[in-house]
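Presented below is the structure to which this report refers.
Below, each value reflects all heavy atoms present in this structure, side chains not excepted, and no hydrogens, waters or symmetry copies.
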Amino acid sequence: MSQVPPPPPSQPASTGGTPAASNTKTNVILAYLLWWITGLIFLFVGKNDPDVKWNAAQSVVVLGGIWLIGVIVSIIFAPVGALIYLVAIVYWVIFLIGAFNYQGGHIKAPGIAQFTDSLTDSLANAVK
């Protein structure tokens, strides 16, 4: 009768990335999830992570700015305000897709990044 040797000890399971990177991705998603409101929250919650802080600041600058313009224009002429909100929804979807595919860094606002990046940098740097 022969004895079967015991199986070798198993290796620890891989988590698919570092916990910090996973936490950053989650925070970036949450920063864009409820428009500028969660952006404002994560501007302060994620202030120790520069990528979270920058993306949260961009949520406030871009989505909050478009929302504010939409409110003002809707008071004057509702159909144009509705078009502005449609543009805001398009940017929101672009940011959410970028956040779900997040690999690190900044998610740029297509078409308007040249105008908004300096404001976003200023807001992100103002939060300590």
Are [X] and [Y] joined in one hydrophobic group, where the rule is that I, L, V, M, F, W and Y side chains link up if heavy atoms are under 4.5 Å apart?
| X | Y | value |
| --- | --- | --- |
| Val90 | Val87 | no |
| Leu119 | Ile94 | no |
| Leu86 | Tyr91 | no |
| Ile66 | Leu83 | no |

For residues Asp49 and Thr24, is any side-chain donor paired with an opposing acceptor at under 3.5 Å?
->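 Side-chain D/A pair, Asp49 to Thr24: present.
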Give the minimum heavy-atom separation between [X] and [Y], together with the two atoms involved.
| X | Y | answer |
| --- | --- | --- |
| Lys108 | Phe95 | O-CE2, 4.0 Å |
| Phe42 | Val52 | O-CG1, 4.1 Å |
| Leu63 | Ala88 | CD2-O, 3.9 Å |
| Val28 | Asn55 | CG2-ND2, 4.0 Å |
| Gly81 | Ser74 | CA-OG, 3.4 Å |
| Lys47 | Val127 | CB-CG1, 4.1 Å |

Measuring from [X]:[atom1] to [Y]:[atom2], what's the distance to the nearest 0.5 Å?
| X | Y | atom1 | atom2 | result |
| --- | --- | --- | --- | --- |
| Ile41 | Asn27 | CD1 | CG | 12.0 Å |
| Leu40 | Leu123 | CG | CG | 8.5 Å |
| Ile84 | Ile72 | CD1 | CD1 | 9.5 Å |
| Asn101 | Ile107 | CG | CD1 | 9.0 Å |
| Ile112 | Asp117 | CD1 | CG | 9.0 Å |

With no hydrogens and no angle check, is any side-chain donor or acceptor of Lys53 less than 3.5 Å from a backbone partner on Phe44?
->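 No; judged by distance alone, with no hydrogens or angles, the pair does not exist.
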Main-chain N/O of Val71 paired with Tyr85 side-chain donor or acceptor, under 3.5 Å =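 Present.
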With a 4.5 Å cut-off on side-chain heavy atoms, are [Y] and [X] touching?
| X | Y | value |
| --- | --- | --- |
| Ile29 | Tyr102 | no |
| Thr38 | Leu30 | no |
| Trp54 | Asp121 | yes |

Among Trp92, Trp36, Trp35, find the residue that satisfies the ring pair (Phe, Tyr, Trp, His ring centres under 6.0 Å) test when tested with Trp67.
->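 Looking at Trp92, Trp36, Trp35, the match for Trp67 under the ring pair (Phe, Tyr, Trp, His ring centres under 6.0 Å) is Trp36.
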In sequence, state the C-alpha distance, the side-chain angles, and the governing distance for Phe115 and Val62, and then conclude on side-chain contact (heavy atoms from CB on, under 4.5 Å).
-> CA-CA 10 Å; Phe115 306 110; Val62 175; over 6 Å; no
Kindly check if the number of other-residue, nucleotide or ligand heavy atoms within 6.0 Å of CD (Gln114) is above 12?
->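 Count over threshold, so yes.
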